[in-house]
Structures are given as C-alpha cells and as structure tokens.
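These notes are about the structure you will find just below.
Computed from a prediction, not measured in an experiment: that's the story for all the values here. Numbers restart at 1 for each chain; the letters A, B, ... are given by sequence-line order, proteins then strands.
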There are 2 protein chains.
Amino acid sequence: MESSRKARLYGGLDAEERRTERRLKLIDAAIEVYGEVGYRSATVKAICEAAELTERYFYESFANSEALLIAAYTHVVDHLYADMTAAAAAAGDDADARLRAALTLYFTRLKEHPKPARVFLLEISGISPAVEAVTLDAGRVFSEILVPPTFDPRRSGKGPATLLAVGMIGAVISIARRWVSRQYPEPVAEVAATAASFCRVALGAADHPSHAVPG
Amino acid sequence: MESSRKARLYGGLDAEERRTERRLKLIDAAIEVYGEVGYRSATVKAICEAAELTERYFYESFANSEALLIAAYTHVVDHLYADMTAAAAAAGDDADARLRAALTLYFTRLKEHPKPARVFLLEISGISPAVEAVTLDAGRVFSEILVPPTFDPRRSGKGPATLLAVGMIGAVISIARRWVSRQYPEPVAEVAATAASFCRVALGAADHPSHAVPG
DNA sequence: CCGTTTTGACAATCTATATTGTCAGATAAC
DNA sequence: GTTATCTGACAATATAGATTGTCAAAACGG
C-alpha cells in the first residue's frame, strides 16, 4: 500500500525526494548569497535565482527568510562541529592536545570555506531572538567540544562553569570573527594558539604560561 | 554683531541651545525605548513620543534611525569608559588591581542601569557595517582601559597584541551580555572575577613575550 | 497688541520586498 | 495520445514604517 500511495516520479525522484533536494539547493544557495552580500541584503528572489528555483519553492520549505537563515546556520555548524569532535577524538586523551586539534581544525575550516564562515560568524548576529537562541545553543555545544564535560571530575557531568564557558566561547568567536572579516591576516597556527590560551582559562591551566606557539 | 544675530529665545534658550536640548532628550528617550522594546522594534514615532517631541525634531538632529542608535551607544560608552578609567586610576599602580577596579565598576554599572546596558551589549549587534565600525573602535578603547598600552615597555605605545585584545574583549563582553540578558543571576564580584581571569591572559602574555609570534 | 518665529499634530508620500496567486507549458503515467 | 500532475515565470497584493510636507496655534520681541 505504501508504494501505491507514492507520488509520481520526476527525474527519477518522488515528491518527497524532490522536495528535500530543493530544500538543500536553497540552503546551499543561501550560504553562497549570504557569503557574498550578507543576510540583510539577501532577498528571497536572489536566493531563489542562485538555487535555480522560484519563490514558490522557497515557501514550500521555509516559512520565511529567517527560517532559511537558521537552517543554513545549523547546516554549517553541524558539519563543523562533527569534524571538530572527530579531530579532538583523533588527538588522544590529553585535554590540551584535543583542544589544540579541535581549534586548528576550526580555524583551518574557516579559512578554507570563507562563505560558510561568514554565515557562521558575521551574518548571524542580531537578527532576532529566535536566531539568538539557536546560536546560544550552538555555543554551548562548542564549549563542550573544546572543554568536554568529563574533564574535571569535581564537576560531575558538567562542563566548565557557565560563565567560564561563555567567556571562552566569546573569546574564540571574537578572534575568529575578526580574523575572518579581515580576511585571514595571521597564520592558522597563531590564531589557534591565541584562542587556545583563552580556552585554558576554562580548562584550569591558566596558571601554566609555558605553552609555546607551535611552529 | 554676534548678539544681534542671535535667534529669538524660547524658554530662555536660543535656537542652538534648544536644538542641543532636543538632541539630548532624543538620546535619552532612545536609550529608554531601546531598553524596553529593542532597537529593531523601536519606531521613530515611539522614540519621539517618549522624548515628547515630534518627528520633525528627529530629523533635525539625526539623518536616520541608525544615526540615533550610534549617538545613543556613544553616549553610553563615553560615560562608562570615563568612569572605568577613573576607577582604574584610583586603584593605584598595580596592573591587576586596576584591572579589577575597572571591571568591578563596569559590572556594577551594568547592573545599576539595565537599559543603557541593553543598548551597549545587546541591541547594538548586527545592525550595519557603520555601527560595527563604531563598536569595534569602542572595543579597542575598552581593551586599552583594561590593559593599558604603557603596561609593557617593550611594545612602545601599543596595547596587548591585537588578537589577544580581541579575545579578551570578546570574553568580557560575552560574559556581560549573558549576565545582563539573564538579569544578573550572579553577584558582581563573581562575574568581575571571571572576566578578570580572561583579561589576565592578555596581561600575562604581555609579561611573557615568548608568546608573541613574530609578524 | 501685532507680526514673526517656532512648535505640535498629523496627513501624504514613498519605497522595498515579502508573500500569495495565476496561468501556460512541460513532464510523467498509462 | 490523453490526462493529471508538476513546474517556471511573473503579476498582484500586503505591509510597515521612514521621510517629507502642511497648517493652525502658541510663544516671543518690541
């Protein structure tokens, strides 16, 4: 009975699959357009043109512009965080080594993919409370990647104290923001090392200033 | 001749003085309204009503809404920074003591005056490139108050390395942002101390130039 | 008091884009 | 080939608030 209810195929895809494909094309187009002209000046029309779709398909997948921005942001963040987590895992058990691995991957990605980076860092600010909520949550996840909850046994199951986590993420994001908006003036190793020095405050290693910058 | 050219007095003030007064009333009203409904939903009309003035006077003093936002922000920042500088100066010569004094004043003010705090921290984000430029510059000044340029004699006339300054301000502002938006859950001493721990990364690095990467 | 300047209330205009709606032509199923 | 479904281009509508303009009443100077 399922198959009999399936919609007519177009281009070998059923209705559901076509819808999903269009949604993805819109997200990719949005990242592209946001990266070029910014979210604020990105019109629905322009995004649809970049996606080679018309407005009707925009509203098929998204209630409004903001919904697409959130989808695009989430898309970027999900990939980035998954890779950071993998990089951290590959770096072994030492908390500081994992931190450096995750940050190096982070900044490397930002440089390799400037447009998603702009979406992630610059365009997302100050849009609406709904968007703020999404980025806030992403920040929490970010901090847990950099300083995992299990690190300090005294705080069973919790990451660094909230204010420390907030400060840490604020420092890292601010550094990244500036680095991206100025078009990557410093080498990845330097920004990663500087960011790491702020993260160590939260790790509790702030009192060991003997960390050299990796060449 | 000068006095003969003076405009007719109203309420004991000449044209110029009345203009200045209206401008100030608009700035105060804007802080009030932004603090209540946010910059985005603050209409020109609403601000004018709060200032007990009509739209014509809005455009007498400001080219557009953004100009008023910038003026309001600058107004808030100027006062805050002046007081922080004074507090730091009163704390003597020790860099860390000055840092703590400035931060304590900073967070105390944010709590005492929630509406300007919202303008300063929350409403100002993501408005336009022009506004970003203003906040960026304010950040630079902020960092110089916390970690004065003269602190490290080896970097003549410069504050902490740029990326460190950016990270430091990012951490402090992020902490403040969260603290304000959650309505001051922690005591001033705690937020100030946490913020200070991030600032010491920049202070400490100035002490240990082995962190510096040759540019 | 008279004429001028200034003010306050409010109407008129303007602009830009999101969002919805229409229709002819294209594509698939049978 | 015929019919139902889907698609693309584009027109029509809706909105919302900024910005400009008008006018009569109020405040001042002499």
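- In the displayed structure, Q183(B) atom CD is contacted under 6.0 Å by at most 12 heavy atoms of other residues, nucleotides or ligands.
- For R56(A) and dG8(D), a side-chain-to-base donor-acceptor distance below 3.5 Å is present, hydrogens and geometry of angles not being considered.
- Salt bridge annotation for E49(A)-K45(A): present, with a cationic side-chain nitrogen under 4.0 angstrom from a carboxylate oxygen.
- Residue-to-nucleotide proximity on DNA chain D shows that, of E55(B) and E55(A), the 5′-proximal contact is made by E55(A).
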F58(B) vs L53(B), side chain to side chain contact (heavy atoms under 4.5 Å, CB included): CA-CA, chis, key distance, verdict:
CA-CA 8 Å; F58(B) 183 97; L53(B) 293 170; over 6 Å; no
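- Computed from coordinates, the Y57(B) OH to dT19(D) P distance equals 18 Å when rounded to whole Å.
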Start with the C-alpha gap between W179(B) and E186(B), add the side-chain angles, then the distance that decides, and say whether side chain to side chain contact (heavy atoms under 4.5 Å, CB included) holds.
CA-CA 7 Å; W179(B) 191 60; E186(B) 298 89 3; 3.1 Å; yes
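- Distance, E60(A) CD to dT20(C) P: 14 Å, rounded to whole Å.
- The separation between Y59(B) atom OH and dA9(C) atom C1' is 16 Å, rounded to whole Å.
- More than 12 heavy atoms of other residues, nucleotides or ligands lie within 6.0 Å of CD in E112(A), so this atom counts as buried by the packing criterion.
- When rounded to the nearest whole Å, the span between CZ of F62(B) and P of dT19(D) equals 13 Å.
- Rounding to whole angstrom units, CG of residue L53(B) and P of dC10(C) are separated by 15 Å.
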Report each atom pair, protein N/O against N/O of nucleotides 24-28 of chain D, whose distance is under 3.5 angstrom.
from: dA27(D); atom 1: N3; to: Y10(B); atom 2: OH; distance (Å): 3.0
from: dC28(D); atom 1: OP1; to: G11(B); atom 2: N; distance (Å): 3.0
from: dC28(D); atom 1: O3'; to: L9(B); atom 2: O; distance (Å): 3.0
from: dC28(D); atom 1: O2; to: R8(B); atom 2: NH1; distance (Å): 2.9

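- Counting only heavy atoms from C-beta outward, the side chains of F62(A) and I70(A) never approach each other to under 4.5 Å.
- Here the P atom of nucleotide dG8(C) and the CD atom of E52(B) are 10 Å apart, to the nearest Å.
- Ion pair R19(A)/E60(A) not flagged as a salt bridge, since none of the NZ, NE, NH1 or NH2 atoms sits closer than 4.0 Å to an Asp/Glu carboxylate oxygen.
- A ring-centre distance under 6.0 Å is found for F142(A) and Y106(A).
- The stretch residues 17-31 of chain B touches DNA chain C through R18(B), R22(B), each having a heavy atom within less than 4.0 Å of the strand.
- Distance, K45(A) NZ to dG8(D) P: 15 Å, rounded to whole Å.
- With respect to R100(A) and D96(A), a salt bridge is recorded, a charged nitrogen being found less than 4.0 Å from a carboxylate O.
- In the set dT22(C), dA18(C), dA9(C), dA18(C) carries the atom at the smallest distance from any side-chain atom of V44(A).
- Which of dG8(D), dA18(D), dA18(C) sits closest to the side chain of T43(B) comes down to dA18(D).
- One interatomic measurement links the two molecules: CG of L68(A) to P of dT19(C), which rounds to 11 Å at whole-angstrom precision.
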